[in-house]
Amino acid sequence: AADLPERLATALRDESRAEQRRREQRFAPELSYGRHFGPAPSTARAAAVIALLFERDGRWHIPLTQRPDTLRHGGQISLPGGAVEPGETSSAAAERELFEELGIGSGVELLGPLSDSYVYVSNFLVTPWLAVTRQSPVWQPHTDEVARVVELPLDVLLAEQTVCPTTIQRGPIVFRASGFRYGNDCIWGATAIILDELAGVLRSL
């Protein structure tokens, strides 16, 4: 529906439903022991990511990025984002990262934040921001940070059959995680946890 961004913004402002939006732990990877859900240690660094709603072919989507193999956790699918710089707000960091990674620097309206997520592997406390653009975005990916752009339809988050198990190997450590399957991609970890909360907000509308 054309008014989806406005309805989402209203839902995010509803304080009485904030606790109901706390994410389930079904997408928390093995070995995480619930740490994505905090509380984060005082040493955690602030970071921000952005989920940018846009319409393509009559469906709402959000862009995800695949990290180049040259970066840490190469190949992983994530939301555009990064560390909050000194003196910067998390919302400003989210918009800056969107521009730096995908070249989208105008026509973006912030709708509100989702719940913070603690990424213990990198010791980041991540604030996810939901935003919308009414334009048809033309991606200009920064090749040092983005190997590929994935346009994820929002309705994928609401289809139970898209939930997928996956096996992850990090050096000698092998563990399982659940995520969202889209095409040949499995979106897992903190990104899946954030998207699962967004799916919960969508279901509540």
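Computed from heavy atoms alone, side chains included, the values below leave out hydrogens, waters and symmetry copies. Here the structure is a predicted model, which is why all the values come from computation and not from measurement.
- What you find for Tyr118 and Asn123 is that their closest heavy atoms are OH-OD1, 2.7 Å.
- The same ILVMFWY cluster, assembled from side-chain heavy atoms under 4.5 Å apart, contains both Leu157 and Leu4.
- In terms of heavy atoms, Ala131 sits closest to Ile50 at CB-CD1, 3.9 Å.
- Remark: Ile187 CD1 to Ile194 CD1 distance equals 12.0 Å, nearest 0.5 Å.
- Contact record, Pro63 with Val149: CB-CG1, 4.3 Å, taken as the closest heavy-atom pair.
- Residues Glu55 and Ser136 have side chains not in contact (no heavy-atom distance under 4.5 Å, counting atoms from C-beta outward).
- With a 4.5 Å cut-off on side-chain heavy atoms, Pro153 and His61 count as touching.
- Both Leu64 and Leu114 belong to a single network of hydrophobic side chains, linked directly or stepwise wherever heavy atoms of I, L, V, M, F, W or Y lie under 4.5 Å apart.
- The minimum heavy-atom distance linking Phe54 with Thr133 is given by the pair CB-CG2, 3.8 Å.
- Between the CG atom of Leu110 and the OG atom of Ser90 there is a distance of 9.0 Å, given to the nearest 0.5 Å.
- One N or O on the side chain of Thr10 and one on the backbone of Glu6 form a donor-acceptor pair closer than 3.5 Å.
- Glu151 and Trp139 share a donor-acceptor pair across their side chains, judged by distance under 3.5 Å alone.
- Within the 4.5 Å cutoff, side-chain heavy atoms of Arg148 are placed close to those of Asp185.
- Separating the CG atom in Leu52 from the CG atom in Leu111 is a distance of 9.0 Å, to the nearest 0.5 Å.
- The main-chain N or O of Arg67 is never found under 3.5 Å from a side-chain atom of Glu145 such that the two would form a donor-acceptor pair.
- Here the CG-CH2 distance, from Leu12 to Trp129, works out to 9.5 Å after rounding to the nearest 0.5 Å.
- Side-chain heavy atoms closer than 4.5 Å link hydrophobic residues (I, L, V, M, F, W, Y) into clusters, and following such links, possibly through other members, connects Leu154 to Val156.
- Taking each heavy atom of Ser117 and Ile193 in turn, the nearest pair found is OG-CG2, 4.5 Å.
- With rounding to the nearest 0.5 Å, the separation of CZ in Arg181 from OG1 in Thr162 is 10.0 Å.
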| Val49 and Glu97: CA distance, side-chain angles, deciding distance, side-chain contact (heavy atoms from CB on, under 4.5 Å) verdict | CA-CA 8 Å; Val49 297; Glu97 290 285 347; over 6 Å; no
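- Criterion: ILVMFWY side-chain heavy atoms under 4.5 Å apart, direct or through other members. Under it, Val119 and Val84 are not part of a common hydrophobic cluster.
- A donor-acceptor pair under 3.5 Å is absent between the side-chain atoms of Thr127 and the main chain of Asp116, judged by distance alone.
- Side chains of Leu195 and Phe180 form a contact here, defined as non-hydrogen atoms less than 4.5 Å apart.
- Sorted by first and then second residue, the side chain to side chain donor-acceptor pair (under 3.5 Å) pairs involving residues 98-111 (not counting sequence neighbours) are Arg96-Glu100.
- Contact annotation: the side chain of Thr65 never approaches that of Ile77 to less than 4.5 Å [non-hydrogen atoms, C-beta and beyond].
- Residues Arg7 and Ala1 come closest through the heavy atom pair NH1-CB, 4.0 Å.
- Considering only heavy atoms from C-beta on, Val150 comes within 4.5 Å of Tyr182 through its side chain.
- The CD atom of Gln140 sits 9.5 Å away from the CG atom of Leu102 when rounded to the nearest 0.5 Å.
- Contact check for Leu202 versus Leu8: side-chain heavy atoms found under the 4.5 Å cut-off.
- Counting non-hydrogen atoms of neighbouring residues, nucleotides and ligands closer than 6.0 angstrom, the CG atom of Asp57 reaches no more than 12 such neighbours.
- Contact check for Leu130 versus Val201: no side-chain heavy atoms found under the 4.5 Å cut-off.
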